[in-house]
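Every chain is numbered from 1 and lettered A, B, ... according to where its sequence line falls, protein lines coming before strand lines. Given the structure is predicted, the values throughout are model-derived calculations rather than measurements.
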Protein chains: 2
Amino acid sequence: MAKEKTDTLAIRISRVLAERIISGALEPGARLRQDHVAAEFGASHVPVREAFQRLEAQGLAISEPRRGVRVAAFDLREVREVAEMRAALEALALRQAAPHLTRAILDQAEDATRASEKARDVGAWEEANRRFHRLLLAPCAMPRLLAAIDDLHAASARFLFSAWRAEWEAPTEHDHRAILAALREGQTEAAVTILARHVQRIGRRPVTSATGTTREAFAIVG
Amino acid sequence: MAKEKTDTLAIRISRVLAERIISGALEPGARLRQDHVAAEFGASHVPVREAFQRLEAQGLAISEPRRGVRVAAFDLREVREVAEMRAALEALALRQAAPHLTRAILDQAEDATRASEKARDVGAWEEANRRFHRLLLAPCAMPRLLAAIDDLHAASARFLFSAWRAEWEAPTEHDHRAILAALREGQTEAAVTILARHVQRIGRRPVTSATGTTREAFAIVG
DNA sequence: CGTGATAGAATTATCTATAATTTGCGATGG
DNA sequence: CCATCGCAAATTATAGATAATTCTATCACG
């Protein structure tokens, strides 16, 4: 997470901008002007351009040739598209990873679940949730697949932050526990099915918090 | 397909380099040196750097932070990873596209199938095969998903060209016809299943041509 | 008087040219 | 024979020049 000295300037800039887009500090449709960003970072505009390209590859920005680059707009349809893609790819990853899951990994995943239930803000929850998914999927040893899933997680996080910027109450993670239980019993396909449905719920249906208040028509799942 | 005037220089360079990587003219692991490429195109190295980044986003090249960029190595494991990802994502796309498929589209897809069976070289076959898949999947109207599938197709094509550079004989497309038949009868799930298996076969098992000679241990499917 | 088009100016993206680090390799000395 | 220093090549960053687009203001025409 720390900005390593070995990273190129473009990479560091793109990370900062990505955070801003995900957190909502930069709103959808906002123009990213290279000179301004360059001035802010005390850099030249060439590394800024490369940072923009990285954002575009992640799907966080879109650039029209010679007309500049804007923060990618994302509506409910986009959210659902990302959810469906995550469901398809995470199911594949879990299926491949399952044979390599050890007891230790499952225990760590359980820790992550507990952490996400204790999270007091969206950022903490997102991090714990991400850790859970990554722990279970990483052993598939398919780097391209994992990279694609990471980008989709970023897009999902963006949606999360837009829905709950201030008030936040952690949900109880039934699905996570069910997935872990199935994996512990060696029922891979059951776990895969739960995971797929779990992820697909993003942006699908309303959810009521523990206090009984109904939130926006979005689901808090990851 | 023509180089449009509106495209940026970096985009045009990346297209040319992508073709070379896919066709095998640039071998896996080969170093891409920005000065040399810049000299070849009579350009400076900044647009070349941006072209490299695009290639990296497509998975055709990998760059190590201050050590240059190389053509992505791809072994059989990588090919299978791409095949699995394509199967998962194309299945999703077809499922979403099915309700919007018209008679006209299916007819065009059948034309594409015939064209691929008549193809006299790998390039022609690849193009026809790509057209078939794109026709059936595009109506899902999920731009991010389609872009991801396109990149995976490029990686697949790369593998195809590496296996059959010179001699080539078009296979008969049983799977394509079975998919079309199922779709015409409204049996979406059956079509999805065939498509998924069809794509997964890439890099999986040997194939014998019409002349009876056994090719390398790869399958010609797409 | 209002609407539309056009020319010019300002802004912005793109490209070139040049300078500054950094890596890798080779030679030299211990 | 190994380690360290130094040189060469390549990547990364900066600054300046070029080209394209957008905005604005003026003028013609209805």
Under 3.5 Å, which donor-acceptor pairs do the side chains of residues 37-46 of chain B form with other protein atoms, sequence neighbours left out?
residue	atom	partner	partner atom	Å
B/Glu40	OE1	B/Arg20	NH1	3.4
B/Glu40	OE2	B/Arg20	NH1	3.3
B/Glu40	OE2	B/Arg20	NH2	2.6

- request: Would you give a per-nucleotide map of nucleotides 9-14 of chain C, 5' to 3', where B means the base has a protein non-hydrogen atom under 4.0 Å away, S means only the sugar-phosphate does, and - means neither?
  value: ---SBB

field: Atom-to-atom span, CZ of B/Phe41 to C1' of C/dC15 - whole angstrom
entry: 16 Å

- request: Please report, rounded to the nearest Å, how far the P atom of D/dT11 is from the CD1 atom of A/Ile11.
  value: 15 Å

message: Name the residue from B/Arg130, B/Glu127, B/Arg131, B/Glu173 that meets the side chain to side chain donor-acceptor pair (under 3.5 Å) definition with B/Ser116.
response: B/Glu173

Heavy-atom closest contact (B/Ser156 atom, B/Val82 atom, distance): OG-CG1, 3.7 Å

field: Test ring-ring contact (aromatic ring centres under 6.0 Å, His included) applied to B/Phe132 - qualifying residues, sequence neighbours left out
entry: B/His176

message: Against A/His153, only a single residue in A/Glu126, A/Arg134, A/Glu90 fulfils side chain to side chain donor-acceptor pair (under 3.5 Å); can you say which?
response: A/Glu90

